[in-house]
Amino acid sequence: GVMLGAMRKGSQNFFVKTLLMLLAASFVVWGIGDVFRGSSRDTVVKVGDEEISYSEYYSALQNEIYRFQQIFGQTLSEEQIQQFNIKERVLNQLVDNAIIRMRINELNLTVGDEVAAKLLKRNSMFFDEDGKFNAEQFQAILRHNNKQEDQYIMELKEGMAIRMLIDTLSVSPQSMDVKSKALYRY
């Protein structure tokens, strides 16, 4: 959704891609083999202090498989899951999200409830025929997507924080050089 779009937009920037790869290399402790062998260990991956549990991975995997099934209109076989590299993609996404959350926490980037509520009420997906926010429409869409309201609000806040992070990382070195020269002359 919103978070993925922000990440895609930011990941197009070479600097952001490089930073994310460096963060991943320095903070991730892999247990990846166990994920694909079905180990009974509860922690699949540890990113800094954050552990991604097998149940979190499995839930994200099921959601991604469901998304693919909706696209193709049929149940996916194990062969198709492997062909589309779904297991690895889900794990990589969970790791990327953990790295980003860690960086957001380090920078103390937070989004308040009022800001999130305003953004939520501006989302046309939740509007009625008159173009106004409709709580029933909002709840229906959440149910259809198998989400709880607090989970959606948390994801909305996280997506906004990610956008703030990407915006700070997307500053080009050229613009930083111009600004530093201007400050030096001042």
Side-chain angles (χ1 to χ4, degrees), residues 1-13 16-17 20-21 24 28 30-45 47 50-101 104 111 116-163 165-166:
V2 172
M3 182 170 68
L4 288 176
M7 288 177 59
R8 279 190 200 106
K9 177 184 167 204
S11 69
Q12 292 170 354
N13 182 315
V16 175
K17 285 181 184 177
L20 287 175
M21 288 187 338
V28 177
W30 289 94
I32 193 166
D34 294 335
V35 171
F36 303 112
R37 287 191 298 271
S39 172
S40 63
R41 284 189 357 202
D42 188 50
T43 301
V44 174
V45 177
V47 181
E50 183 176 339
E51 294 182 352
I52 298 172
S53 69
Y54 182 78
S55 62
E56 182 181 356
Y57 166 75
Y58 184 77
S59 176
L61 178 62
Q62 293 306 308
N63 287 338
E64 187 69 357
I65 290 171
Y66 176 75
R67 191 177 72 80
F68 269 79
Q69 289 172 343
Q70 294 301 306
I71 292 168
F72 293 112
Q74 66 182 29
T75 302
L76 296 181
S77 68
E78 185 62 35
E79 183 179 299
Q80 289 171 315
I81 291 170
Q82 288 176 354
Q83 178 185 358
F84 294 125
N85 210 24
I86 295 174
K87 291 179 181 180
E88 292 86 356
R89 289 168 46 149
V90 167
L91 184 62
N92 289 336
Q93 186 64 50
L94 289 171
V95 169
D96 289 348
N97 290 347
I99 291 168
I100 290 169
R101 276 192 304 275
I104 287 169
V111 176
K118 284 180 184 177
L119 185 65
L120 173 70
K121 290 181 179 178
R122 290 184 189 151
N123 188 335
S124 62
M125 182 169 55
F126 307 128
F127 287 0
D128 59 18
E129 311 81 46
D130 298 327
K132 296 189 188 240
F133 177 80
N134 183 306
E136 290 175 17
Q137 174 80 4
F138 172 61
Q139 292 299 326
I141 290 173
L142 289 180
R143 276 191 306 277
H144 179 74
N145 289 290
N146 199 25
K147 287 194 184 275
Q148 299 295 319
E149 183 174 337
D150 57 343
Q151 177 188 14
Y152 179 82
I153 300 293
M154 183 189 73
E155 289 173 3
L156 181 66
K157 287 179 174 183
E158 189 174 273
M160 293 170 70
I162 287 169
R163 273 186 254 135
L165 174 64
I166 290 172

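Note that the coordinates shown come from a computational prediction; the quantities given were computed from them, not determined experimentally.
- In this structure, Ile162 CD1 and Ile100 CD1 are separated by 5.0 Å, a value rounded to the nearest 0.5 Å.
- The CD1 atom of Ile86 lies 8.5 Å from the CZ atom of Arg67; values are rounded to the nearest 0.5 Å.
- Atom CD of Gln62 sits about 9.5 Å away from atom OH of Tyr57, to the nearest 0.5 Å.
- Below 30°, between 30° and 60°, or above 60°: for Tyr54 and Tyr58 the angle between ring planes is below 30°, a parallel geometry.
- You'll find the side chain of Thr75 stays beyond 4.5 Å of the side chain of Ile65, heavy atoms only.
- Take Ser55 and apply the side chain to side chain contact (heavy atoms under 4.5 Å, CB included) test, not counting sequence neighbours, and it matches Ser53.
- Annotation: side chain of Gln93 is not in contact with side chain of Glu64 (no heavy-atom distance under 4.5 Å).
- Ala60 approaches Val90 most closely through the heavy-atom pair CB-CG1, 3.6 Å.
- Shortest non-hydrogen contact noted between Gln69 and Leu76 is NE2-N, 3.2 Å.
- Pairs passing the side-chain hydrogen bond (donor to acceptor under 3.5 Å, both in side chains) check and including a residue from residues 134-145, sequence neighbours excluded, read Gln139-Glu149.
- Rounding to the nearest 0.5 angstrom, the gap separating the CD atom in Glu50 from the CD1 atom in Ile99 is 10.0 Å.
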Evaluate the side chain to side chain contact (heavy atoms under 4.5 Å, CB included) criterion for residues Lys132 and Lys121: first the C-alpha distance (whole Å), next the side-chain angles of each, then the deciding distance (0.1 Å), finally the verdict.
-> CA-CA 8 Å; Lys132 296 189 188 240; Lys121 290 181 179 178; over 6 Å; no
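- Residues Leu94 and Val45 have side chains not in contact (no heavy-atom distance under 4.5 Å, counting atoms from C-beta outward).
- Crowding of Glu79 atom CD: a count of heavy atoms from other residues, nucleotides or ligands under 6.0 Å not exceeding 12.
- Ion pairing between a basic and an acidic side chain is recognised when a charged N comes within 4.0 Å of a carboxylate O; Lys87 and Glu78 show such pairing.
- For the pair Ile52/Thr43, no side-chain contact is recorded, criterion being any heavy-atom separation below 4.5 Å from C-beta on.
- Distance check: Gln151 CD to Leu142 CG gives 9.0 Å after rounding to the nearest 0.5 Å.
- A distance-only check finds a donor-acceptor pair linking the side chain of Asp128 to the backbone of Gly131 [under 3.5 Å].
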Worked verdict on Phe127 versus Phe133 for ring-ring contact (aromatic ring centres under 6.0 Å, His included) | CA-CA 4 Å; Phe127 287 0; Phe133 177 80; 7.6 Å; no
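- Side-chain atoms of Phe138 and Asn123, non-hydrogen and from C-beta on, never get closer than 4.5 Å to each other.
- Residue Leu156 comes nearest to Ala116 through the heavy atom pair CD2-O, 3.5 Å, listed as atom of the first residue, atom of the second, then distance.
- Counting heavy atoms from C-beta on, the side chains of Met154 and Asp150 never come closer than 4.5 Å.
- In this structure, the separation between CG on Leu120 and CE on Met125 is 9.0 Å, given to the nearest 0.5 Å.
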